[in-house]
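Index from 1, following the sequence. Computed over heavy atoms, backbone and side chain alike; hydrogens, waters and symmetry mates excluded.
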Amino acid sequence: MSETLFFVLELIGTIAFAASGAMVGLKKGMDIFGVAILGLCTAVGGGVIRDLVLGITPPVTFQDPVYALIAIATSIAVFLPAVRSRLERGSRLYDVVMLLMDSIGLGVFTVVGVQSAYSVSSSYSIFLLAFVGVITGVGGGVLRDVLAGDTPYIFVKHFYTCASLIGALLCSLAWMPLGSTAATLLGAAAVVALRLCAAYFRWNLPKASPSPGGARR
């Protein structure tokens with residue numbers, strides 16, 4: 001995969017995830033600093049975890065701050081009165097934009113994780129590639145939800161981690177026969193399509209019913 005395409009994908013994913021994090025901050029009534037931090041952690045959190053798993057130290061985020069700066073700028077843009085007022089007025093608009101941004105970020109960072117694993121590993125085991133892809137895709141969202149005091153999406157929302165896993169596996173398996181560019185686009189498109197279909201058709205994995213006194217134990 002060309003360096004230009006890789007940069008464009010990371011840029012798209014950073015903006016999408018930063019926007020989703022900032023929107024959660026708005027919903028929680030945070031100030032501009034809290035919104036910016038939540039957007040930043042969502043955008044770069046998965047990449048930091050990925051780099052630590054792959055032994056890339058310091059993580060790329062700290063070597064090149066461009067993605068962090070883009071995430072902060074995106075978060076501040078979401079906080080602007082014109083944008084904030086529209087999102088706060090319409091819950092339907094908020095839900096749609098949040099779904100799109102989160103799905104795009106998940107798809108992009110899943111395949112970026114696979115590409116990163118390919119770039120530093122010579123073993124190319126499917127387990128490693130898929131694991132790193134999923135960690136990169138869901139890591140930022142987990143940090144966002146934990147910092148916001150919510151149950152992470154990966155445990156409760158429409159087919160979230162499964163979509164990332166399927167996309168990572170598709171990307172990994174198609175890498176050699178189709179080439180890196182086609183495999184990357186296929187994997188990202190699969191994640192986004194699965195997330196949108198899951199939200200529309202309300203696909204969910206079986207859930208356990210919480211026990212009445214479970215929270216107090």
Checklist entry - Val53 and Thr136: side-chain contact (heavy atoms from CB on, under 4.5 Å), yes or no, with the steps? => result CA-CA 10 Å; Val53 169; Thr136 309; over 6 Å; no
Looking at every heavy atom in both [X] and [Y], which two are closest together, and how far apart are they?
X	Y	answer
Leu52	Pro59	CD2-CG, 4.1 Å
Thr42	Gly21	OG1-CA, 3.5 Å
Gly105	Ala16	N-CB, 3.8 Å
Ser172	Ala130	OG-N, 4.1 Å
Leu129	Val114	O-CG2, 3.7 Å
Gly167	Val191	CA-CG2, 3.6 Å

Next on the checklist: With side-chain contact (heavy atoms from CB on, under 4.5 Å) as the criterion, how do Arg195 and Tyr160 come out once you've worked through the C-alpha distance, each side chain's angles and the decisive distance to 0.1 Å?
Outcome noted: CA-CA 7 Å; Arg195 280 287 292 128; Tyr160 194 82; 3.4 Å; yes
Quick one: [atom1] on [X] to [atom2] on [Y], what's the gap to the nearest 0.5 Å?
X	Y	atom1	atom2	value
Phe7	Asp64	CZ	CG	8.0 Å
Ile15	Thr74	CD1	OG1	5.0 Å
Leu100	Ile104	CG	CD1	6.0 Å
Phe6	Leu9	CZ	CG	8.5 Å

Is there a continuous path of hydrophobic side-chain contacts, each under 4.5 Å between heavy atoms, that joins [X] to [Y]?
X	Y	value
Met23	Phe33	no
Leu38	Val83	yes
Leu99	Val78	yes
Val96	Met98	yes
Leu143	Leu26	no

Checklist entry - So does Tyr94 have more than 12 non-hydrogen atoms from other groups sitting under 6.0 Å from OH? => result yes
Next on the checklist: side-chain contact (heavy atoms from CB on, under 4.5 Å) for Phe62 and Val48? Distances and angles first, verdict last.
Outcome noted: CA-CA 9 Å; Phe62 303 109; Val48 171; 4.3 Å; yes
Item to check | Whether Trp175 and Tyr118 hold their rings parallel, tilted or perpendicular, with breakpoints at 30° and 60° | outcome: parallel
Checklist entry - Is there a side-chain contact between Gln63 and Ile56, using heavy atoms and a 4.5 Å cut-off? => result yes
Checklist entry - Quick one: are Cys171 and Thr110 in side-chain contact, heavy atoms under 4.5 Å? => result no
Item to check | Among Leu106, Val134, Val142, the one residue meeting side chain to side chain contact (heavy atoms under 4.5 Å, CB included) with Ile154 | outcome: Val142
Item to check | Donor-acceptor pair, side chain of Asp145 and main chain of Tyr153, under 3.5 angstrom | outcome: yes
Checklist entry - Would a distance-only check, ignoring hydrogens and angles, find a side-chain to backbone donor-acceptor pair under 3.5 Å from Ser20 to Phe17? => result yes
Checklist entry - salt bridge (Lys or Arg N to Asp or Glu O under 4.0 Å): which pairs involve residues 42-63, sequence neighbours left out? => result Glu10-Arg50
Checklist entry - Is Lys27 paired with Asp150 through a side-chain N to carboxylate O contact shorter than 4.0 Å? => result no
Next on the checklist: Test side-chain contact (heavy atoms from CB on, under 4.5 Å) on Phe109 and Thr14; report intermediate values, then the result.
Outcome noted: CA-CA 8 Å; Phe109 278 117; Thr14 297; 3.7 Å; yes
